[in-house]
Structures are given as structure tokens and as C-alpha cells.
Amino acid sequence: MLFPDTDFSTLRLPESLNLLRDDIRQFLDKERRAGSFTPHLGHGEFDVAFSKKLGERGWIGMTWPKKYGGHERTYLERFVVMEELFAAAAPVHAHWNADRQIGPSLLRWGTEEQRQRYVPAMARGECCFAIGMSEPNAGSDLASVRTHAEQVRGGWKLNGQKTWTSWAHKSEAMFVLCRTSPLAGDRHEGLSQLIVDLSSSGITIRPVRFLDGVHRFNDVFFEDVFVPDDRVLGKIGQGWLQVTSELALERSGPERYMNTFLLFCLLLDALKQSHDRLDRILIGTLTARFASLRRMSLAIAHAFSTKANPDVGTEAALVKDIGTLFERDIVEAVRTLTELVPIHDSNNEMERLFAEASIFAPIPTIRGGTTQILRGIIARRLEAAL
Ligand SMILES: Cc1cc2nc3c(=O)[nH]c(=O)nc-3n(C[C@H](O)[C@H](O)[C@H](O)COP(=O)(O)OP(=O)(O)OC[C@H]3O[C@@H](n4cnc5c(N)ncnc54)[C@H](O)[C@@H]3O)c2cc1C
């Protein structure tokens, strides 16, 4: 069976989830009217105050145990909240890494002390984490990371560099994938994950500015940074297994196909009176693609709801690959079907979001695994099934 843990047949969300959907819609509408946020595509702003409001309402760490500040709700309930946040282009950056993968990793691999230290604060929207995987010569080929840690009394001495590290300059700590024993034979062995406090001495964080000049990601340098033994995540040498287990969580959610959704809605609105054949074909095709993606993503959320550690890495790669191309095609559709000009500081929301989406367009097919790498994963599964 090609996808034993995932059922892609129609899955209807239970009616009970409509109440939750109404709740979050009303909240977002009220916040937007009150000026607490302006919609921005691609996860919006880094806004800790807004994340705290979501935390107060129980919309961060929704599936986590109550013992760690979570709410023991289902992955489908979390799915509804994510859909609404992205449909509204609300600011989610400040809690996104924590909610999506750092929290679940700590719950799976962390010690009791580590869980108690970080997870409840994450659920309140108060603890931001960065992800330290990529390096200048190790992005797609993650197993070739050179950042290394050597054992010293009471802990580890960390040296090396991470790059493209989103929001490290605003985060409290970072998961760092590093080599803890010399390269010998299998490159996936000898890697470990450390939880690094970003205020430790020996750390330099330098901005890498994005196309629009905004400081979102960084180079992070480690020079003899001391990391105590109690900040090793999981087991020394088990880093590869741990990191790859995060990836299904990282690649399958609505955030992989809904970054330009608000622009799509505005496009639908602009063309609703149109009888033009090309308009109708393009809009119909995009709508059908969205429906298929949603069903796939929902099926993966359902697998997480019903199985302990579902094997859904390939399915998640499919969602990300198809989803990120869908997002890009929305921008193309706006370009093709309207006379709109992208203007960054326009008062017209559609013009402003079109400008944002145009600048944002190269990102999704790179971050979180490039299209080519995802297709390699998918091809390997297909080959194995033949
Ligand atoms: C906005 C943004 C935010 C990011 N945030 C983070 C973050 O917070 N933390 C973090 O760790 N990383 C982050 N990244 C980094 C991201 O994960 C990497 O950019 C990505 O994994 C690709 O690595 P690379 O840039 O080194 O490109 P490379 O790996 O050098 O790839 C260059 C090109 O070669 C292709 N290629 C490489 N290997 C193969 C192969 N085997 N087969 C076929 N084609 C191949 C790739 O598809 C790509 O087109 C972020 C990136 C972006 C754009």
C-alpha cells in the first residue's frame, strides 16, 4: 500500500467544529477591526502580544497535554484554527515554530525538566524558539552540517555557524543540529540536537535582510558556547532521527498552501461578475486544486489524530510540493486576470497584498525543503511501492 497511514478519501469535519470556527472568526474579525493587526501574507508579522491573545484563548498547543499547559484537543480542531488564522493573514510568526514543531519535539524527546521549563510558556505564546538546521554548505544536504560540539565538563562546547535562521534575533532559544562525534561511515550518525539559550556568551546573531529589506532571518555564529548536559534534546547521536521526525509536522499543514489565500479570496471577489472564459477556467482550476490540497492536508491531520506516530513523511512532502506551487499560481492568476499593479504601501488591500505576494513568491518552494528534495522523497516512495 502506497500510503498505509493516510486515507485521502473525503473526510468531513464534524459539525461540532463549526462552533470553534465561528469563535476564532469572530475573534479575528474583532481584532482586525480594532486595529490590533493588519493582514500580511506569509505568516504575517512577528507579534508576541497577538500570540499571547491566542494563547489565552487556548489556540496554541491545542493538542498538547494539559499537564504542560496544552488543551488536549484534536489535530482536526487545530486544523480549523490554523485555517482561520491563514485565511485572515493574521500574525503567527511569534509562536509558529513552537506550536508546530518545537513543542511537539520537546514533548516527544525532551526531559521532564525541559518540558516544564519551555512547553507551558510556549502554550501561553510567551516563549519563541528558532530552528537551527541550515548552514552555509548544508541546506538540502542537512547531514553534512559542520557545526560541532565537543564534550567538556558538565556539558558541551559548541562551535560553528547556522544560516537563514528565522527570528533568531527575537527568540529565547534555538534547537541546534550539530555533530557530536567525528564523521565516520554513515553521515546520519553522530548528529545531536542541543537546546541553546540565545543569550549565552559566544553567540553572535547577524541580520540577513530579505528582498524587501526587512530583517526576518539571520546568520548565527557559535564560538565556544557552553551548553549544559541538561540542554541535550533526546539522546546524543540520535539527532538525525529526531530532526526528520519533525519534518512531517513541518510540511503538511494549511500554512503550506494558504499563504496567499487572502489574495485568492480578493481575486474571486473581483471576478465574481466576470463571464470571461479564461477567468472561469483559471478560477475553477485553482479552486479545485485548493479543495484537493485541503483534503490531503486534512487526511494527514486525521492520521495524527488517530495514530501515535504516523508514517506520513511522503504525504507531507506531497502537500508541501503541490501546495507551494498552488500559492505561486495564485500570484500568477492575479497578474494574468487583472490589471492590478503591485504597490507595497497602497491603501488598496489587493494591490498591497499583490506586492507582498510577488516578493514572497520565491520563499515557499525553498524553505522547509526545496521542491527538488521533496520530489526525491516522493520518487523514492513510488519506487519502493513498484
Ligand atoms: C524564508 C526562509 C526561512 C528559512 N528559515 C530557516 C530556519 O528558520 N531555520 C533553518 O534551519 N533553515 C531555514 N531556511 C533555510 C531552508 O531550509 C534552506 O534554504 C533549504 O533547505 C535549501 O537549502 P539551501 O538554501 O542551502 O539550498 P541548496 O541545498 O544549496 O540547494 C540549491 C538548489 O539545488 C537543489 N538541490 C540541492 N540538492 C539537490 C538534490 N540532491 N537533488 C536535486 N536538487 C538538489 C535545490 O533544490 C535548490 O534548487 C529558511 C529559508 C528561507 C527561504
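Numbering of residues begins at 1 and proceeds along the displayed sequence. Atoms within each ligand, like the ligands themselves, are counted from 1 in listed order. Because only heavy atoms are used, hydrogens play no part in the values below, and waters and symmetry mates are left out as well, while side chains stay in.
Contact annotation for F210 and ligand 1: no heavy atom of the residue comes within less than 4.0 Å of the ligand. The proximity of I373 to ligand 1, defined as any non-hydrogen pair under 4.0 Å, is limited to the side chain. Using a 4.0 Å cut-off between heavy atoms, T370 contacts ligand 1 through its side chain alone, with no backbone atom that close.
A donor atom on one side chain and an acceptor atom on the other are not found under 3.5 Å apart for Q242 and S105. One side chain, D197 or S199, offers a donor N or O that lies under 3.5 Å from an acceptor on the other. Remark: the H95 side chain and the R100 side chain contain no N/O donor-acceptor pair separated by less than 3.5 Å.
Polar contact check, T165 against ligand 1: no nitrogen or oxygen pair lies under 3.5 Å apart. Distances between N or O atoms of S134 and those of ligand 1 include at least one value under 3.5 Å. Looking at ligand 1, you won't find any N or O of I363 less than 3.5 Å from one of its N or O atoms. Checked by distance only, ligand 1 and R367 stay at 3.5 Å or farther apart across all their nitrogen or oxygen atoms. Polar contact with ligand 1: present for S166 (N/O pair, distance under 3.5 Å).
Atom 29 (O) of ligand 1 is approached by the protein to below 4.0 angstrom, counting heavy atoms only. When distances from atom 50 (C) of ligand 1 to the protein are checked, a heavy atom turns up under 4.0 Å. Atom 3 (C) of ligand 1 lies below 4.0 Å from at least one non-hydrogen atom of the protein. There is a protein heavy atom less than 4.0 angstrom from atom 37 (C) of ligand 1. By the definition of a contact as any protein heavy atom under 4.0 Å away, atom 34 (O) of ligand 1 is not in contact.
The aromatic rings of F46 and W167 lie tilted to each other, with the angle between the two planes from 30° to 60°. The aromatic rings of F86 and W96 lie perpendicular to each other, with more than 60° between the two planes, well past the 30° mark. Below 30°, between 30° and 60°, or above 60°: for F210 and F217 the angle between ring planes is above 60°, a perpendicular geometry.
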| said: Using the rule given for ring-ring contact (aromatic ring centres under 6.0 Å, His included), can you reason through F261 versus F290, listing the C-alpha separation, both sets of side-chain angles and the distance that settles it, and then say yes or no? | reply: CA-CA 9 Å; F261 191 75; F290 175 74; 4.9 Å; yes
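For atom 45 (C) of ligand 1, the choice among Q372, R216, M174, K162 with the nearest heavy atom turns out to be Q372.
Geometric assessment of R206 against the ring of F221 yields a positive cation-pi assignment under the 6.0 Å and 45° thresholds.
Remark: distances from the non-hydrogen atoms of A130 to ligand 1 are all 4.0 Å or more.
Looking only at protein heavy atoms, the nearest one to atom 7 (C) of ligand 1 is W164 O, 3.1 Å.
Which parts of ligand 1 touch G368 is read off a 4.0 Å heavy-atom cut-off, strictly below it: atoms 17 (O).
Here E113 pairs with R231 in a salt bridge; the nearest charged N to carboxylate O distance falls below 4.0 Å.
Residues meeting the side chain to side chain donor-acceptor pair (under 3.5 Å) test with N309, sequence neighbours left out: none.
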